[in-house]
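See below for the structure under consideration.
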Amino acid sequence: MNINLPHFNMKNLVKEAGSTISRVVQLTEEKLGTTERTEYDLHFQNLAERADVTKTWTEKLVKDTESVLIPNPQNRVEDYIFEKIEKSKPKRLSNLEHLALDMIEAGGDFGQDLPYGQALIKVGQAEQKLGQCEHDFIATSGICFTQPLRKFLEGEMKTISKERGILDTKRLDLDACKNRVKKARSMLGQQSKDGISPEAALEQAERDLRVAQAEFDRQSEITKLLLDGISTSQASHLRHLHAFIQTQVRYYKQCGDVMEQLQRELANLGGPTPYIPLDQSNASASKSNAPGGPPATRAGPGNNNSSSNQASSGHRPTNQPMHVNTDQMQRARVLCSYDAKDHTELNLNANEVIFVTECSPVNEDYMYAKQGLMKGLVPRAFVEMLDEEHDITL
């Protein structure tokens with residue numbers, strides 16, 4: 001029976017073992033501070049430090065971005081495994097899509113002819129669209145941002161780490177050769193040992209030193225070229241970052257379009273408590289009340305010859321979108337108490353001071369008001385404007 005045994009080159013095996021032992025000894029002596037070591041030049045140290053920083057932060061950015069895109073860590077692990085075995089990732093319903101299905105089913109059970117059932121179905125359909133937008137955003141973000149960064153870590157950075165490891169090995173060999181040369185020189189003038197004269201031992205050590213120095217210099221240049229390439233990689237990463245931001249902008253715009261369409265559909269449904277769409281002017285109101293926001297003034301006196309009958313008979317905006325300008329609100333005093341007719345109005349107490357502004361377009365019977373943290377419509381007839389000279393900034 002013929003058995004094919006692997007072919008071992010014993011001479012090379014012994015040589016490699018001797019080199020490994022020499023490196024271990026050299027590294028141990030360096031750690032103990034009993035021997036000198038060859039230091040890299042300042043330029044190389046700067047390049048190496050920048051590479052370490054780049055690797056650390058790129059790993060964090062990839063991890064954090066993936067956590068934002070796919071919050072469930074188990075799903076992230078599954079996707080990574082499927083990506084490695086080159087199989088398509090499983091299709092999962094997002095939380096939004098689960099909510100959408102339940103809303104649509106609930107709306108059907110509550111009754112498609114009833115206001116609440118109709119609204120649930122409309123909202124569920126909108127949530128489905130948002131879920132699809134989310135899927136597209138996650139997929140596109142992975143292609144344009146996280147995948148290129150991960151490819152950089154698993155490709156270029158791994159190559160750099162490998163070459164730096166080889167360079168460290170070459171440095172240890174070089175320092176070991178330097179120590180052997182020093183030892184051989186200290187042996188000059190002494191008797192031969194093991195049949196080798198001190199002069200021959202010195203000559204062999206110097207020859208090994210020249211070879212080690214040449215290999216170290218060559219590996220140092222290779223590693224420097226790779227480290228210099230990180231600047232080019234960062235320029236590429238900047239382009240990927242720009243693409244990621246563009247993807248986010250498109251995603252949030254799509255979500256905004258879906259919600260605007262939903263608001264129009266809900267407003268058109270009408271019902272006993274019609275939906276009043278929220279628009280950008282409400283965001284301006286919040287901004288004007290924040291520190292450092294646009295100043296708001298309070299303006300002048302009106303007459304108090306108004307009655308509750310005028311307010312109750314006034315025309316109040318219902319199904320149409322209401323736009324208000326809250327960049328500047330005016331201070332007003334409530335003439336008499338008023339109970340809100342629905343959730344769009346504010347309850348008023350006699351003699352309290354609130355802030356009001358005109359609706360856009362101007363409504364002859366109602367104003368938009370801010371009462372502490374609450375906002376809503378108030379009858380114009382129930383308030384009088386205070387003197388402009390008392391204006392203060394909100």
Side-chain angles (χ1 to χ4, degrees), residues 9 11-66 80 83-84 144-184 204-242:
N9 189 325
K11 185 177 180 179
N12 289 339
L13 189 61
V14 172
K15 183 179 179 180
E16 285 297 326
S19 299
T20 302
I21 294 173
S22 177
R23 292 165 191 158
V24 171
V25 171
Q26 177 66 28
L27 184 60
T28 303
E29 290 178 348
E30 288 179 1
K31 296 292 185 182
L32 296 175
T34 59
T35 187
E36 296 180 358
R37 60 169 289 171
T38 301
E39 299 293 344
Y40 299 118
D41 60 72
L42 183 60
H43 177 59
F44 181 89
Q45 292 179 21
N46 291 335
L47 290 176
E49 182 179 352
R50 185 178 64 176
D52 292 336
V53 171
T54 300
K55 180 176 182 294
T56 300
W57 281 112
T58 303
E59 288 174 342
K60 288 184 178 180
L61 290 175
V62 171
K63 181 180 178 181
D64 292 345
T65 305
E66 290 178 342
Y80 181 76
E83 182 180 335
K84 286 302 178 183
C144 73
F145 189 62
T146 56
Q147 290 180 13
L149 294 189
R150 187 175 290 281
K151 185 177 179 181
F152 163 76
L153 291 171
E154 296 177 352
E156 188 172 340
M157 283 308 305
K158 276 192 175 181
T159 301
I160 290 175
S161 298
K162 177 183 176 182
E163 295 300 328
R164 288 178 66 182
I166 295 175
L167 180 61
D168 285 337
T169 300
K170 298 297 183 184
R171 183 194 61 76
L172 290 171
D173 291 343
L174 175 61
D175 289 340
C177 288
K178 288 180 178 179
N179 288 334
R180 285 198 294 271
V181 169
K182 289 181 180 179
K183 184 177 180 180
Q204 180 63 40
E206 289 177 341
R207 186 161 50 248
D208 292 343
L209 176 60
R210 287 192 294 270
V211 172
Q213 184 69 59
E215 291 181 354
F216 173 79
D217 292 341
R218 177 177 174 275
Q219 185 62 34
S220 179
E221 289 302 318
I222 293 173
T223 309
K224 277 184 179 179
L225 289 175
L226 291 174
L227 292 173
D228 277 327
I230 289 181
S231 299
T232 304
S233 298
Q234 288 185 349
S236 176
H237 294 173
L238 179 59
R239 291 193 296 272
H240 296 315
L241 178 62
H242 290 168

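Residue numbers start at 1 and run along the sequence shown.
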ring-ring contact (aromatic ring centres under 6.0 Å, His included) pairs touching residues 210-240, sequence neighbours excluded, are F152-H237
Pair listing, ring-ring contact (aromatic ring centres under 6.0 Å, His included) test, anchored in residues 33-57, at least two apart
Y40-F44
Smallest separation among heavy atoms of [X] and [Y], with atom names:
X	Y	answer
T223	E163	OG1-O, 3.6 Å
D175	R37	OD2-CA, 3.3 Å
E154	K158	O-CD, 3.3 Å
E156	G229	OE2-O, 3.7 Å

For residues T38 and K178, is any side-chain donor paired with an opposing acceptor at under 3.5 Å?
yes
Would Q204 and R207 count as having a side-chain donor-acceptor pair, cut-off 3.5 Å?
yes
Using atom types as modelled and distance alone, determine if a side-chain donor or acceptor of T169 lies under 3.5 Å from a backbone N or O of G165.
yes
Working to the nearest 0.5 Å, report the span between [atom1] of [X] and [atom2] of [Y].
X	Y	atom1	atom2	answer
R239	F145	CZ	CZ	13.5 Å
E221	Q219	CD	CD	10.5 Å
L238	S233	CG	OG	12.5 Å
L241	S236	CG	OG	11.5 Å
D52	S161	CG	OG	8.0 Å
L174	D208	CG	CG	11.5 Å

Close side-chain approach of K183 to N179, heavy-atom, < 4.5 Å
no
Are I230 and I160 close enough that some pair of their side-chain heavy atoms sits under 4.5 Å apart?
yes
Above 12 or not: heavy atoms from other molecules or residues under 6.0 Å from NZ of K224?
yes
Has Q45 got more than 12 heavy atoms of other residues, nucleotides or ligands less than 6.0 Å from its CD?
yes
With respect to R50, which candidate in N46, V53, T54 satisfies the side chain to side chain contact (heavy atoms under 4.5 Å, CB included) definition?
T54
Looking at E59 and K63, is any side-chain nitrogen of the basic one under 4.0 Å from a carboxylate oxygen of the acidic one?
no
